[in-house]
Student: 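This structure is in structure tokens; I'll ask about it shortly.
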2 protein chains.
Amino acid sequence: MRDVAAQAKVSLKTVSRVVNGESGVSPRLAKRVLAASERLSYRHNLTASSLRRSDGRSRTIGVVIEDVANPFASTLHRAIEDVAVERRVLVLAGSSDEDEQRERELVSAFASRRVDGLIIQSSSHDHRYLMAERKAGVALVFVDRPASGLDADCVVTDNAAGIRRAVRHLVEHGHGRIGYLGDLHLIATAAERHQGYVEELAEQKIRFDPALVRLDLRGIEKAEAAASELLRSSRPPTALIAGQNLITIGAFRALRHLNLNRRVALVGFDDFVLADMLEPGITVIAQDPAAMGRMAAGVLFQRIDGDHSPAQRHTVRTRLITRGSGEIGP
Amino acid sequence: MRDVAAQAKVSLKTVSRVVNGESGVSPRLAKRVLAASERLSYRHNLTASSLRRSDGRSRTIGVVIEDVANPFASTLHRAIEDVAVERRVLVLAGSSDEDEQRERELVSAFASRRVDGLIIQSSSHDHRYLMAERKAGVALVFVDRPASGLDADCVVTDNAAGIRRAVRHLVEHGHGRIGYLGDLHLIATAAERHQGYVEELAEQKIRFDPALVRLDLRGIEKAEAAASELLRSSRPPTALIAGQNLITIGAFRALRHLNLNRRVALVGFDDFVLADMLEPGITVIAQDPAAMGRMAAGVLFQRIDGDHSPAQRHTVRTRLITRGSGEIGP
DNA sequence: GCATGGGATGACAACGTTGTCATGTAGACA
DNA sequence: TGTCTACATGACAACGTTGTCATCCCATGC
């Protein structure tokens with residue numbers, strides 16, 4: 001910047017004014033400055049700028065998601081990015097891999113870079129560690145899973161209602177032995193979904209049978225193994241509910257390998273590409289990760305802009321999409 | 001930091017030393033400093049630090065990919081992140097949407113934040129605009145698509161060889177009328193793949209028939225429409241090659257809707273989840289995006305660490321995975 | 001002609017940190 | 001005891017920018 005000022009024969013401050021598009025610079029000088037910065041291929045240093053600026057904004061936000069390569073999470077990420085782009089804000093993204101320690105490291109790394117806000121799909125169960133960041137002025141929004149021990153905005157799916165809908169759907173098709181395959185029970189959403197299953201069974205006056213439930217399944221392989229085992233048991237379920245998209249895929253693999261894909265019903269939580277192209281198509285309770293991401297980003301930027309109203313919980317609805325697998329009778 | 005120094009009754013510099021783990025601080029003082037920063041919940045400001053530091057490193061890199069939510073691109077992203085994490089470097093990611101303008105904006109935004117390096121899956125055809133960044137000391141690695149007009153490292157798939165393998169595979173199964181569905185021809189990789197198709201046809205002494213080729217297909221819907229149209233023509237192909245994963249999915253949809261999925265052969269470029277669960281399973285030329293990401297990040301960090309050896313082109317092999325759809329006869 | 005006002009411009013300090021160098025202190029050795 | 005060495009510590013400037021305030025210049029109104 002100093003070099004540009006020298007070339008244009010103006011003061012540093014004038015260059016700063018031009019770079020920031022402030023008013024009060026004569027067109028003649030502005031032109032000279034622009035020409036000089038072009039010649040010297042000057043690039044504004046935003047880190048120095050945000051260090052000095054009174055509002056201290058870095059025009060950067062941090063996103064902590066389970067895995068940037070996971071379809072649900074990356075759709076969230078993309079939706080957040082789309083909102084951020086409009087505000088000329090950049091997104092730092094990191095994968096927590098459902099590891100509490102890793103989540104904290106990411107938050108800490110983001111905080112060191114003075115992000116203006118954080119959107120977190122959290123793996124932790126106690127978010128008090130974020131109070132310091134909050135106090136330091138970092139806006140905070142939880143997505144997919146609510147905060148605990150901390151009063152913060154969150155954007156979540158109505159997990160229990162979604163799974164209850166799945167149970168009802170299967171009951172309407174005559175099922176009484178409905179198996180359940182769930183993700184790590186430590187994950188809040190996984191627990192809510194399992195809870196929905198239990199509650200709706202009660203509502204439907206169906207006896208809860210723990211032998212039909214497998215929890216803590218992480219990834220396609222584990223889900224496939226658990227589903228296989230369940231289906232090969234002496235009294236197998238006539239229908240399965242999968243509590244997460246990779247689990248749905250694993251369950252379908254198991255059904256296929258046992259040649260049961262047209263015999264045993266399957267309803268998955270969370271939609272996925274090609275679900276309609278399998279045989280039969282997979283009936284799912286679809287979430288709307290893009291809507292969640294957009295909403296989370298919207299709320300975050302409102303907070304960054306100084307909205308101090310009480311924290312809110314925003315719930316995004318699920319939608320039942322019937323494609324065949326959920327309409328198989330017992 | 002000043003407050004910490006005051007609390008611990010030491011100078012700013014001593015706090016700096018402790019924070020950076022420099023030697024030459026007595027354990028007694030270090031303890032006092034640590035205690036004080038804990039009490040005040042002090043957070044090191046990395047932006048100020050990298051501003052002052054002689055090496056100017058921000059411990060941040062930028063990644064420009066087609067779409068953070070695209071499976072290929074997000075796998076790249078994740079692999080890059082894994083390498084970066086080990087070096088305590090954070091990743092800024094952005095989606096270019098195959099838009100040259102957007103790519104430049106992202107690069108510019110990253111440069112303003114003084115990233116140490118950039119990994120770019122480029123949508124542009126002239127990368128001379130990056131010379132300024134390069135001269136400013138930003139390391140540069142191209143991934144998936146090579147640089148042009150600029151001598152820079154790149155990590156690419158052997159696209160032509162992969163498609164030629166697909167053509168040979170279909171010829172070995174008796175096909176002579178092989179259709180080709182390609183992505184935007186402007187994308188360098190798409191052009192290479194199409195080129196591979198043309199070359200291998202010549203090699204196999206099969207007359208090239210432009211009526212069997214559809215290019216510039218973007219996304220599942222367009223690919224599906226083009227495949228449908230091709231299959232319904234008066235002299236349809238007996239086999240299809242799809243030049244990209246979404247195109248493969250679109251082509252399969254078309255086959256399914258026309259009930260030709262067990263009659264017309266299909267080989268896709270780039271693997272995707274559930275390809276083995278379709279009926280028939282989809283034979284693909286698989287790329288290895290994780291390996292590409294790891295390699296690109298490895299090369300980038302070598303450059304950041306001061307490696308000035310000549311730029312290299314790293315080629316990652318493809319692999320033919322047979323699953324049924326490519327083994328259907330004419 | 002002179003005071004007044006307003007817009008353009010620049011000098012200077014400060015943001016939070018680290019590199020450089022000077023200073024202080026204690027122990028080793030002659 | 002005096003000198004030297006080695007190590008611990010701190011004072012100060014500087015990184016690239018922007019906020020504050022002073023200054024300058026010219027037009028306007030009386």
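Chain letters run A, B, ... following the sequence lines, proteins first and then strands; every chain starts at 1.
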Student: Which of these, His127(B), Arg134(B), Arg303(B), sits in a side chain to side chain contact (heavy atoms under 4.5 Å, CB included) with Leu140(B)?
Tutor: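 Testing each of His127(B), Arg134(B), Arg303(B) against Leu140(B), the sole residue satisfying side chain to side chain contact (heavy atoms under 4.5 Å, CB included) is Arg134(B).
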Student: Between Asp305(A) and Arg87(A), is there a salt bridge with N-O shorter than 4.0 Å?
Tutor: yes
Student: In this structure, how many angstroms lie between the P atom of dG16(D) and the CZ atom of Arg2(A), rounded?
Tutor: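 Taking CZ of Arg2(A) and P of dG16(D), I get 6 Å after rounding.
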Student: Show each protein N/O and nucleotides 6-10 of chain D N/O combination with a separation under 3.5 Å, one pair to a line.
Tutor:
{"from": "dT9(D)", "atom 1": "OP1", "to": "Ser26(B)", "atom 2": "OG", "distance (Å)": "3.0"}
{"from": "dT9(D)", "atom 1": "OP2", "to": "Ser26(B)", "atom 2": "N", "distance (Å)": "2.7"}
{"from": "dT9(D)", "atom 1": "OP2", "to": "Ser26(B)", "atom 2": "OG", "distance (Å)": "3.2"}
{"from": "dG10(D)", "atom 1": "OP2", "to": "Ser11(B)", "atom 2": "N", "distance (Å)": "3.1"}
{"from": "dG10(D)", "atom 1": "OP2", "to": "Ser11(B)", "atom 2": "OG", "distance (Å)": "3.3"}
{"from": "dG10(D)", "atom 1": "OP2", "to": "Thr14(B)", "atom 2": "OG1", "distance (Å)": "2.5"}
{"from": "dG10(D)", "atom 1": "N7", "to": "Arg17(B)", "atom 2": "NH2", "distance (Å)": "2.6"}

Student: I want to check something: taking the side chain as every heavy atom from C-beta on, are Glu66(A) and Leu76(A) in contact at a cut-off of under 4.5 Å?
Tutor: no
Student: Rounded to whole Å, please give me the gap between CZ in Arg53(A) and C1' in dG19(D).
Tutor: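 From Arg53(A) CZ to dG19(D) C1': 10 Å.
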Student: Can you find a heavy atom in the side chain of Ser74(A) that is under 4.5 Å from one in the side chain of Val68(A)?
Tutor: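 No, every pair of side-chain atoms sits at 4.5 Å or beyond.
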Student: How long is the line joining CG of Asp3(A) and P of dC15(D), in whole Å?
Tutor: 11 Å
Student: A side-chain contact here means heavy atoms from C-beta on lying under 4.5 Å apart; do Arg59(B) and Ser50(B) qualify?
Tutor: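 Arg59(B) does not reach Ser50(B) side chain to side chain.
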Student: Have a look at Arg78(B) and tell me which of Ile80(B), Thr75(B), Asp82(B) forms a side chain to side chain contact (heavy atoms under 4.5 Å, CB included) with it.
Tutor: Asp82(B)
Student: Out of Glu98(B), Glu103(B), Glu192(B), which one pairs with Arg145(B) under the salt bridge (charged side-chain N to carboxylate O under 4.0 Å, His left out) rule?
Tutor: Glu98(B)
Student: To the nearest Å, how far apart are Glu22(A) CD and dT9(C) P?
Tutor: 13 Å
Student: For the pair Asp97(A) (side chain) and Asp99(A) (backbone), establish whether a donor and an acceptor sit closer than 3.5 Å, ignoring hydrogens and angles.
Tutor: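 No; judged by distance alone, with no hydrogens or angles, the pair does not exist.
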Student: Just how far, in rounded Å, is C1' of dG19(C) from CG of Asn20(B)?
Tutor: 12 Å
Student: Could you identify which residues of residues 31-52 of chain B place a heavy atom less than 4.0 Å from some atom of DNA chain D, listed by residue number, or say none?
Tutor: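 Output list: Leu51(B), Arg52(B).
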